[in-house]
Each structure stands twice: as C-alpha cells, then as structure tokens.
Amino acid sequence: MSIPRFSDDFLARLREAFRRTGYDADGVVDALGGAAHAALGRGEPELAFRASADAGELGTLIRLFLLGAAEPEAAVRAALAPVALDDALATGLVRGRELLRAGLDIRPHGDEQGSWWVVSDLDSDALGAEVPPDHVLGVGHASLSLIRATTRRPVGSLLDLGTGNGVQALHATRHAQRVTATDVSERALALADATFRLNELDVELVRGEWFAPVARRRFDQIVCNPPFVVGPPRVDYTYRDSGLGGDDASALVIRQLPGFLTEGGTGQLLASWLHVDGEDWADRVSRWLPGGTDAWFVQRDVADPGLYVGTWLRDAGIDPRSERGRAKAADWLDWFAENKVQGVGFGFVTLRRTDAAHPTVVCEDLRQAYDDPLGPEAGAWLDRVSWLREHGHDLLDARFRVPPTVLLERVSAPGDEGWDTTVLRLHRSDGPGWQHEVDETVAALLAGCRGALPLSDLLSLLAAGHGLDEEALTEAALPLVRELVRHGFLEAV
C-alpha cells in the first residue's frame with residue numbers, strides 16, 4: 001500500500017469540513033441518538049443508517065466513514081467542502097467513481113474534555129478482504145482498555161511506544177507537557193502524523209524498533225500497546241506481530257521499559273503471557289522484571305489456545321474455515337502444543353522505577369467484571385505501596401479508617417438455632433471491585449478503625465475483649481493489614 005501524505009492545507013480544510021458539519025463525538029451521538037449509537041457499537045448498523053438519513057451532510061459523513069456505505073459523488077462533494085473532491089480522491093481519503101466510499105477510517109473519538117479525529121486504515125469488513133501486512137489498526141477494544149488503565153497525573157514528558165494510529169498519544173496530551181510517539185511502521189507514523197496535525201497537536205514522531213529511537217533518553221511516563229500476539233516467531237501484520245516467539249515481545253518491553261524512566265517514573269502497558277504446563281504465570285512474568293522496579297501485573301483474561309487462534313484469524317479478515325485459515329491455525333496450534341501452552345493470559349502491567357532496596361511485585365487475577373477505569377486505581381496502588389514502604393516498620397502506630405466505599409457482606413445459612421454466618425466478605429464498591437473474605441475477629445478489628453486509636457491499641461482491646469493472645473493476634477494481623485491497605489480497604493489518617 002502507498003503511504004498517504006496530507007498537506008497542512010488539506011488537513012486544515014478537512015478540519016473545517018468536520019467542524020462545519022458537526023462531525024465530532026457529540027455530534028455523531030446527537031445525530032444518531034443513544035439507541036442507534038449503542039447498536040452501532042455492537043456491530044448492528046441498521047438503526048444508524050435510518051437515523052443518519054435525515055442528518056444532512058453530517059449523515060453523509062457518518063455513512064461514509066462510520067458505516068462503510070457508498071455515497072453519491074454530489075453528496076460527498078458537499079459534505080467535504082471546502083476540501084476539493086479531486087484532492088480527497090488523490091490523497092486516498094475517498095475512493096471510487098460516482099458512488100464513493102471511504103479510503104481511510106477517520107472517526108471522532110472523545111473524552112470528558114472534548115473530541116478528536118483518529119485516522120487509521122479500513123478494517124477487514126470495510127475492505128471486504130484480508131487486511132494488508134502494514135495495516136494500521138483503528139481504535140479497538142485493546143486501545144480503549146489501555147486508555148482506561150492509564151494513570152492521568154500531570155507529567156513533564158511521556159513516551160507512546162508503538163503509537164499506531166496515535167490514540168494513546170492523543171490522550172497523553174491532556175496531562176503531559178511533551179509527548180513523543182514511536183513506531184516501526186512508516187505507514188503508522190504517516191497516519192499518526194495526520195491524526196496529530198488534523199487535531200492541531202504537537203507530538204514528536206520518531207521511527208524505529210522498540211526503544212532504539214529514544215536511546216539514552218528518559219521519560220516521566222511511558223505507555224505502550226505493543227504487538228503482543230503470542231505464537232510462532234513471524235510477522236504477518238506489523239500492528240500485532242513482533243517477530244519474536246511466544247510472549248517474548250511483552251517480556252522485552254517489561255525488561256527494558258524501566259531503564260527509560262526517570263526516577264519514580266511510571267510505565268503502563270498491555271501484555272500477554274503464556275500459561276505453560278507446570279509453571280505459575282506469576283513466576284513467569286516476575287522473572288521478566290529488572291531490579292529497581294515496582295510492578296503490578298493484572299490478569300484480565302485467560303484464553304484457550306483454540307479460541308485465541310480463531311479470534312486473531314478473524315481479526316485479520318481470515319476465515320478460519322478456509323484452506324488458508326486452517327493451515328495458519330494448524331501451524332499456530334502445533335506451536336502451542338510443542339511449547340506446552342495451556343492458555344494465553346492477557347492484562348495490564350504498571351511499572352515504576354524505584355531506588356527502594358526491596359521493590360514491590362504483585363501479580364493478581366482480576367477477571368471479574370467492573371465498571372471503573374483501572375488508571376486511577378493503578379496510581380492509588382502505587383501511592384499505597386509507597387506509604388507501606390515508608391511506614392512498614394511502624395504500622396502499629398498508624399491510625400486507620402475504613403473508607404465509605406467498603407462494604408461488609410454477611411452470608412448466612414439456616415442452622416439449628418437460626419441463621420449461621422458462613423461467609424464474611426469485604427467488598428470495595430469502587431475501583432476493580434476487590435473482595436476479601438475475613439472472619440469475625442477481623443470484622444471486629446475493622447469496626448474499630450475509625451481514625452481515633454492507633455492499630456496497637458485496637459489490637460490490645462480486641463485481644464482483651466475476645467480472650468486472645470495479644471502477641472499472636474498482632475503477628476497474624478500485620479500481614480493482613482498490609483494487604484488491606486494495598487487494596488484500599490484501609491487508609492491511614
């Protein structure tokens with residue numbers, strides 16, 4: 001595929017057309033209505049076709065760029081004005097004759113503060129064929145999940161490693177003073193450049209593999225959506241394949257990323273890891289870490305090898321039932337079998353460069369459903385780790401309280417004398433929905449955590465009231481208190 005090039009004048013005219021017609025995140029929702037917009041997100045376009053019929057030039061752009069429809073030349077010419085139709089055809093923005101279709105995917109993407117436009121390639125459904133090797137992916141579920149999992153605290157410098165269409169860097173401009181974006185793909189950098197200039201944003205773009213383009217530089221924050229698909233060492237599609245075997249791409253990023261952070265700097269990325277027969281996944285990923293790194297691995301899903309292969313074949317527009325699809329699946333599944341792969345884990349990794357003598361490394365399974373974005377929780381998790389590191393030797397002197405978002409669930413079953421409590425479970429109603437099963441003694445301890453008394457006094461009172469050995473109670477309580485602090489069930493006052 002040829003590399004699309006857009007002049008500043010062309011992008012300025014296109015931006016004017018989009019603004020004139022209201023082709024932005026809010027404008028599209030207003031034109032379609034909530035039900036049709038939600039149906040479009042589920043891959044059900046008919047309601048959107050109906051709603052856009054009465055939306056004038058905005059409706060034309062919605063059908064052209066969001067629904068993949070063929071639109072009359074006169075309608076496209078009017079909707080894109082002041083962009084000349086000949087220029088739109090010459091740049092590849094649209095294609096065809098008389099009835100025109102989109103040549104690129106340009107769609108509004110917004111957050112709480114406003115809206116952008118993201119430029120990428122058409123997916124396999126819009127193309128009606130398998131995507132080419134240098135395909136530049138649009139804003140998919142993985143991109144959106146990393147956006148939600150990224151901490152948005154003000155930083156001076158941020159690196160978006162493997163920027164693709166540039167959507168992570170777009171969000172980074174909200175909280176970073178300087179943003180650098182890299183990619184190995186010339187086509188990806190060209191479309192990311194179009195994304196940034198269309199939105200009038202100044203982002204430094206550098207081409208190269210992995211961290212080579214930013215050698216000897218350090219950043220306050222790094223985000224990365226790497227080519228994390230695991231399997232045989234090959235590159236079928238640059239947006240997802242690294243050329244490294246198995247989960248070596250994720251391992252490479254995790255090993256090298258901390259070396260490009262400033263002291264106390266953070267990195268957040270998507271990653272995949274193999275579940276190998278006879279090996280704990282947490283041991284596997286922990287071995288990837290360099291020294292001087294706090295790390296939080298959050299496993300969000302584990303895919304069966306067969307399901308994993310079928311999903312990624314369809315993602316590229318390959319029918320798993322076709323001869324080519326079966327051959328690719330066979331090679332992939334053979335590789336999994338030869339390497340004793342029982343599943344593929346997927347999730348988020350938060351890293352922090354630290355000079356602590358004993359960095360904190362935690363691997364947790366969070367496959368339950370939750371609504372809150374993980375980014376704020378990741379930042380709070382790092383804060384709590386720092387607090388525990390600083391106060392770990394004097395926890396008994398600390399005063400704690402239970403946040404109002406923490407609930408105690410009591411599950412009871414019928415017994416000889418009424419209801420017998422079988423389970424006591426703490427819930428956090430915010431964040432990722434942490435849960436901890438506790439006993440009556442722990443519940444009583446937490447009931448006293450109101451910020452008035454130090455932990456040592458609470459344990460003394462609890463031991464006296466329940467006839468317990470205070471020293472043994474304290475020894476058992478401290479590890480639990482640390483865990484509850486790290487998960488946000490207790491906070492120091």
Side-chain angles (χ1 to χ4, degrees), residues 148-149 151-153 294 296 298 348 350 352 360-413 419-493:
R148 287 170 54 85
T151 304
R152 305 291 172 190
R153 297 179 177 180
D294 290 325
W296 186 33
V298 174
F348 307 105
T350 298
R352 177 171 61 188
T360 298
V361 178
V362 176
C363 302
E364 298 184 288
D365 209 311
L366 277 178
R367 281 184 266 177
Q368 73 266 23
Y370 56 83
D371 294 328
D372 286 0
L374 196 62
E377 182 69 17
W381 187 90
L382 290 171
D383 290 344
R384 296 191 290 262
V385 164
S386 295
W387 187 91
L388 285 169
R389 183 174 293 145
E390 183 179 349
H391 297 85
H393 299 295
D394 54 4
L395 279 183
L396 292 173
D397 297 329
R399 288 174 167 82
F400 294 102
R401 76 177 185 96
V402 178
T405 55
V406 174
L407 307 174
L408 179 65
E409 174 189 19
R410 188 181 296 271
V411 179
S412 301
W419 293 100
D420 293 334
T421 298
T422 57
V423 176
L424 279 176
R425 186 182 294 118
L426 291 173
H427 288 268
R428 263 189 58 191
S429 59
D430 61 345
W434 294 115
Q435 298 181 14
H436 271 276
E437 288 195 14
V438 297
D439 58 21
E440 293 287 0
T441 303
V442 174
L445 174 63
L446 295 180
C449 290
R450 302 176 183 177
L453 296 175
L455 180 61
S456 58
D457 288 356
L458 292 176
L459 290 170
S460 295
L461 291 171
L462 187 63
H466 289 74
L468 301 172
D469 180 80
E470 183 175 343
E471 184 176 347
L473 178 63
T474 299
E475 184 178 354
L478 287 178
L480 177 62
V481 168
R482 291 189 183 94
E483 185 74 0
L484 293 176
V485 169
R486 189 161 55 236
H487 280 169
F489 287 96
L490 283 174
E491 58 186 23
V493 295

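The residues of the chain are indexed from 1 along the displayed sequence. Predicted model only: the values in this text are computed from it and were never measured.
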(request) For the pair Ser429 (side chain) and Thr405 (backbone), establish whether a donor and an acceptor sit closer than 3.5 Å, ignoring hydrogens and angles. (result) yes
(request) Could you tell me which residues satisfy salt bridge (charged side-chain N to carboxylate O under 4.0 Å, His left out) with Asp397, sequence neighbours excluded, listed by chain and number? (result) none
Side-chain donor-acceptor distances from residues 476-492 under 3.5 Å, at least two apart:
unit_1	atom_1	unit_2	atom_2	d
Arg482	NH2	Gly392	O	3.4
Glu483	OE1	Arg486	NH2	2.4
His487	ND1	His436	NE2	2.8
His487	NE2	Glu364	OE2	2.4
Glu491	OE2	Arg401	NE	2.7
Glu491	OE2	Arg401	NH2	2.4

(message) Which residues pass the salt bridge (charged side-chain N to carboxylate O under 4.0 Å, His left out) test with Arg399, not counting sequence neighbours?
(response) none
(message) When you compare the side chain of Val361 with that of Asp294, does any pair of heavy atoms fall below 4.5 Å?
(response) no
(request) State the CG-CZ distance between Leu408 and Arg410, to the nearest 0.5 angstrom. (result) 6.0 Å
(request) Verify, without hydrogens or angle tests, whether Thr422 (side chain) and Val411 (backbone) share a donor-acceptor contact under 3.5 angstrom. (result) yes
(message) I need the minimum non-hydrogen distance between Leu424 and Ala443, along with the two atoms involved.
(response) CD1-CB, 4.3 Å
(request) Would you sort out whether Val298 and Trp296 count as a side-chain contact (heavy atoms from CB on, under 4.5 Å), showing the intermediate values? (result) CA-CA 6 Å; Val298 174; Trp296 186 33; 3.4 Å; yes
(request) Mind checking side chain to side chain donor-acceptor pair (under 3.5 Å) for Asp365 and listing every partner two or more places apart, or none if nothing turns up? (result) Gln299, Arg367
(message) Between Phe348 and Leu366, is there a side-chain heavy-atom distance shorter than 4.5 Å?
(response) no
(request) Might you point out which heavy atoms bring Thr151 and Ala378 nearest each other, and give the distance in Å? (result) OG1-CB, 3.9 Å
(message) Can you list everything that forms a side-chain contact (heavy atoms from CB on, under 4.5 Å) with Asp420? Sequence neighbours excluded, please.
(response) none
(message) Apply side-chain contact (heavy atoms from CB on, under 4.5 Å) to residues Leu407 and Leu426 and explain how you reach the verdict.
(response) CA-CA 6 Å; Leu407 307 174; Leu426 291 173; over 6 Å; no
(request) Using the salt bridge (charged side-chain N to carboxylate O under 4.0 Å, His left out) rule, collect all pairs that involve residues 424-433, keeping only residues at least two apart or in two chains. (result) Glu377-Arg428, Glu409-Arg425, Arg425-Glu437, Arg428-Asp430
(message) Suppose we screen for side chain to side chain donor-acceptor pair (under 3.5 Å). Which residues come up paired with Ser386, at least two apart in sequence or across chains?
(response) Arg352
(message) So, using side chain to side chain donor-acceptor pair (under 3.5 Å) as the criterion, who are the partners of His391 when residues are at least two apart?
(response) Trp387
(request) Using the test side chain to side chain donor-acceptor pair (under 3.5 Å), find all partners of Arg152 that sit at least two apart in sequence or belong to another chain. (result) none
(request) Apply side-chain contact (heavy atoms from CB on, under 4.5 Å) to Arg148 and list each qualifying residue two or more places apart in sequence or on a separate chain. (result) Pro373
Got a list of side-chain donor-acceptor pairs under 3.5 Å for residues 446-456, not counting sequence neighbours?
unit_1	atom_1	unit_2	atom_2	d
Arg450	NE	Ala447	O	3.1
Ser456	OG	Leu396	O	3.3

(request) Can you run down the salt bridge (charged side-chain N to carboxylate O under 4.0 Å, His left out) pairs that involve residues 460-480, sequence neighbours left out, and say none if there aren't any? (result) none
